[in-house]
Every structure is written in C-alpha cells, then in structure tokens.
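All remarks here apply to the structure that follows.
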Amino acid sequence: MAEPLLNYGLDMQVHHQPMGFSYGEEVIGPVPEIRKLEQIRASLRDPLCQGPEDVYAIVMDVARLQDREELKKRMLLFGVVTYASGRLGDEPVRSQGHIHRISAHSGWSPPELYEIWQGKAIIYMQEYVADDPGHCFAIVAGPGEKVLVPPGWAHATISASPDEPLTFGAWCDREYGFEYEAVRAYKGLAWYPLLQDEHIAWQHNRRYMPGRLQVTSPRSYTEFGITDEPLYQQFIDDPARFQFISKPGMVGPKWVGFHP
C-alpha cells in the first residue's frame with residue numbers, strides 16, 4: 001500500500017508492505033536502507049525479543065531536483081524514515097540510540113530537526129552517554145510537529161502507537177554519521193520505553209546513575225526562525241533558514257542551556 005506525502009513539500013509516497021518510498025518526477029532520492037531487527041538488538045532492553053524482521057526503512061538525501069546544488073553548497077540533506085507497526089518485545093518499535101559523529105567541516109556533532117509525518121512519535125534525547133546522562137527528555141509529537149535535538153546529544157526515535165506505522169522527515173548535516181558504540185556499551189540509553197496497555201511507560205537503565213526523565217510536548221523554536229510550515233517548504237522559501245544544522249557554531253550561544 002502506498003500513501004502520498006504531498007503535504008510535506010516533497011512529491012513522494014511511503015510504502016509499508018514492503019517498506020520503502022517512491023518519488024515523483026521532480027524528486028530524487030536513494031534506494032531505502034532497511035534496518036533489520038538483528039542489527040539493533042544490542043540497543044534493546046531485551047536483545048532476544050521478538051518483533052518485525054524489517055524494523056524501519058531510511059533514505060538520506062531526498063530533494064527536489066532543482067534544490068540539489070543548493071543543498072550541497074549548504075552541507076544540508078533531508079532524510080525520511082518509516083517504521084513498521086508492531087512492537088519489539090515489551091518495547092515499541094524504535095531506532096537505535098546514537099550520537100552524531102563530529103563533522104570535519106564544522107567541528108561540531110550536528111543537531112537534527114525532526115518533523116512527524118504519520119503516526120505518533122517520541123523523540124527521546126539525553127545530554128551525555130556517560131554514567132551521569134545529564135538532562136533526559138522524551139518529546140511526544142504528532143503529524144506536523146517538529147522536534148530539535150541539540151548538538152552532541154544522544155537520541156532515539158520511538159513509535160508511540162504500535163498499531164500504526166510512523167513516518168518522519170529530518171534536516172541533517174550532509175556529512176552525517178551515526179555512532180552507536182557508546183550507547184551499546186551501556187546496553188542502551190538511560191531510559192527504556194515499555195508498552196503497557198498500549199501506553200508508554202519508562203524504565204530506568206540501571207547502568208546509568210539514577211535521574212529524572214522529563215516527558216513533554218513539542219515547543220516552537222522561534223529563536224531559530226522555524227515556523228509551523230512544513231520543513232522542506234521552509235527551505236524552499238528561505239534556503240538559509242536551516243544553515244544552523246550544518247553550521248551549529250553560527251548560533252553557538254543559543255545552544256547554551258538549550259531546552260528541547
């Protein structure tokens with residue numbers, strides 16, 4: 001089954017059986033990478049759990065043909081991900097927790113700006129992957145809502161509704177890289193999401209120091225010039241708007257004390 005995603009500024013469709021994407025005539029994107037359950041077991045609370053064999057499909061660098069050179073010049077790319085419905089044992093379907101590798105061109109571990117397209121998401125993020133994870137947040141977001149993960153924070157994207165697939169887009173640094181080793185060393189992030197009666201409960205990962213998790217809703221990031229319009233459309237209207245994603249140092253003071 002294919003579903004159009006025209007409301008989000010790109011002429012493309014998402015497919016769920018099998019998972020993947022197709023593009024309109026003016027849009028270009030890669031063949032999806034499929035993340036298998038076997039590939040993410042090391043980040044799960046129960047590495048032996050049952051779940052969908054194909055957990056999610058990801059395409060990095062989707063764009064309108066006419067935007068390609070501008071995106072390359074600005075070191076930006078737009079990625080799209082869709083998740084399978086279902087669960088991973090007691091956990092919801094989710095990504096592996098990771099940190100963004102430091103980009104050679106900026107010297108920063110880049111931020112990432114999400115926009116939910118279908119389903120219901122939780123963007124979980126923590127300040128550090130260390131005995132003390134620092135501030136921990138779980139941002140619950142629905143279609144059209146945006147969530148900004150600040151530079152250097154570990155994070156994972158969680159499907160909050162087991163009965164429907166989750167699809168989202170995100171602005172990323174073109175020189176992106178995902179680092180998993182630190183999170184895997186702690187057997188995951190500081191909080192595990194658990195499904196209880198179709199609701200999400202949180203269990204602390206005892207490998208970290210005890211702390212507090214703040215569960216909240218998305219906010220407006222007016223200090224970064226972000227509006228309620230679809231993220232890709234905002235780039236079309238103003239190609240410089242998301243330059244802070246690939247050059248986070250240009251807004252360095254805004255990251256100090258940042259609250260997701």
Side-chain angles (χ1 to χ4, degrees), residues 2-16 18-36 39-40 54-84 95-96 98-118 121 123 146-151 155-157 165-180 224 226 229-248 250:
E3 298 177 29
L5 298 172
L6 297 175
N7 291 338
Y8 293 99
L10 286 164
D11 182 6
M12 58 186 296
Q13 293 183 321
V14 59
H15 304 266
H16 299 301
M19 283 193 296
F21 304 92
S22 55
Y23 310 106
E25 291 184 1
E26 300 303 318
V27 173
I28 188 170
V31 174
E33 297 179 35
I34 306 297
R35 294 288 189 269
K36 302 283 189 178
Q39 294 175 283
I40 73 169
D54 295 340
V55 181
Y56 56 95
I58 179 171
V59 286
M60 299 297 283
D61 203 9
V62 179
R64 300 188 311 166
L65 288 167
Q66 66 204 77
D67 299 328
R68 289 280 292 162
E69 292 308 312
E70 187 71 26
L71 288 168
K72 289 179 181 178
K73 181 179 75 174
R74 295 186 179 278
M75 291 299 289
L76 288 169
L77 63 75
F78 196 77
V80 184
V81 183
T82 193
Y83 284 13
S95 67
Q96 304 175 77
H98 64 264
I99 304 169
H100 292 158
R101 185 179 305 129
I102 293 175
S103 294
H105 75 90
S106 73
W108 286 67
S109 169
E112 187 169 6
L113 179 59
Y114 290 85
E115 178 177 61
I116 309 309
W117 287 3
Q118 298 174 329
I123 312 298
K146 290 107 174 136
V147 179
L148 179 60
V149 177
H155 53 286
T157 309
L166 169 67
T167 305
F168 58 91
W171 280 114
C172 311
D173 188 307
R174 179 162 290 276
E175 200 179 80
Y176 74 93
F178 303 141
E179 294 187 349
Y180 301 107
F224 293 94
I226 300 169
E229 293 296 311
L231 287 183
Y232 199 91
Q233 185 62 50
Q234 290 185 54
F235 170 80
I236 293 172
D237 296 341
D238 179 8
R241 180 167 300 176
F242 300 117
Q243 195 65 71
F244 71 91
I245 297 292
S246 59
K247 295 183 178 180
M250 68 185 290

State, to 0.1 Å, how close Leu71 and Ala63 come at their nearest heavy-atom pair, and which atoms those are.
CD1-CB, 3.5 Å
Looking at every heavy atom in both Phe242 and Phe235, which two are closest together, and how far apart are they?
CE1-N, 3.8 Å
Hey, could you give me the CE/CD distance between Met250 and Gln243, rounded to the nearest 0.5 Å?
6.0 Å
Less than 4.5 Å apart, side chain to side chain, heavy atoms only: is that true for His16 and Thr167?
yes
Please find the pair of heavy atoms, one from Phe178 and one from Ile58, that lie closest to each other, and give the distance.
CE1-CD1, 4.5 Å
Atom CZ in Arg35, atom CE in Met19: separation rounded to 0.5 Å?
11.0 Å
Within this structure, what is the CG-CG distance for the pair Leu10 and Leu231, rounded to the nearest 0.5 Å?
10.5 Å
Decide side chain to side chain contact (heavy atoms under 4.5 Å, CB included) for Phe21 and Val62; before the verdict, give the C-alpha distance in whole Å, the side-chain angles of both, and the deciding distance to 0.1 Å.
CA-CA 10 Å; Phe21 304 92; Val62 179; over 6 Å; no
With a 4.5 Å heavy-atom cut-off, do Leu148 and Ile123 have their side chains touching?
no
For Tyr23, ring-ring contact (aromatic ring centres under 6.0 Å, His included) partners two or more places apart
none
Under a 3.5 Å distance rule, please check whether Gln39 uses its side chain to pair with a backbone N or O of Lys36 as donor and acceptor.
yes
When the ring planes of His155 and His100 are compared, do they come out parallel, tilted or perpendicular, using 30° and 60° as the limits?
perpendicular
Would you say Pro165 and Gln118 make side-chain contact, with heavy atoms under 4.5 Å?
no
Among residues at least two apart in sequence or on other chains, which ones pass ring-ring contact (aromatic ring centres under 6.0 Å, His included) with Phe244?
Phe224
Salt bridge flag under 4.0 Å for residues Arg68 and Asp61
yes
Quick check: closest heavy atoms across Gln96 and His98, and the distance to 0.1 Å?
O-ND1, 3.3 Å
Measure the shortest side-chain to side-chain distance between Ser109 and Ile99 over non-hydrogen atoms and say whether it is less than 4.5 angstrom.
yes
Measure the shortest side-chain to side-chain distance between Pro230 and Glu115 over non-hydrogen atoms and say whether it is less than 4.5 angstrom.
yes
Drop me the distance from Tyr180's OH to Arg101's CZ, to the nearest 0.5 angstrom.
9.5 Å
I want to check something: taking the side chain as every heavy atom from C-beta on, are Pro111 and Trp171 in contact at a cut-off of under 4.5 Å?
no
At their closest point, which heavy atom of Ile245 faces which heavy atom of Pro110, and how far apart are they?
O-CB, 3.8 Å
Side-chain contact, heavy-atom cut-off 4.5 Å: Val81 with Thr157?
no
Check whether any side-chain heavy atom of Val80 lies under 4.5 Å from a side-chain heavy atom of Tyr8, and answer yes or no.
no
If you measure from CZ on Arg174 to OG on Ser246, what distance do you get to the nearest 0.5 Å?
10.0 Å
With distance as the sole criterion, is a donor-acceptor pair present between the side chains of Asp238 and Gln234 under 3.5 Å?
no
Tightest non-hydrogen contact, residues Asp11 and Glu25, listed as OD2-N, 4.4 Å
Would you give the length of the straight line joining atom CD of Glu175 to atom CG of Leu77, rounded to the nearest 0.5 angstrom?
11.0 Å
Plane angle bin for Tyr83 and Tyr56 - parallel if under 30°, tilted between 30 and 60°, otherwise perpendicular
tilted
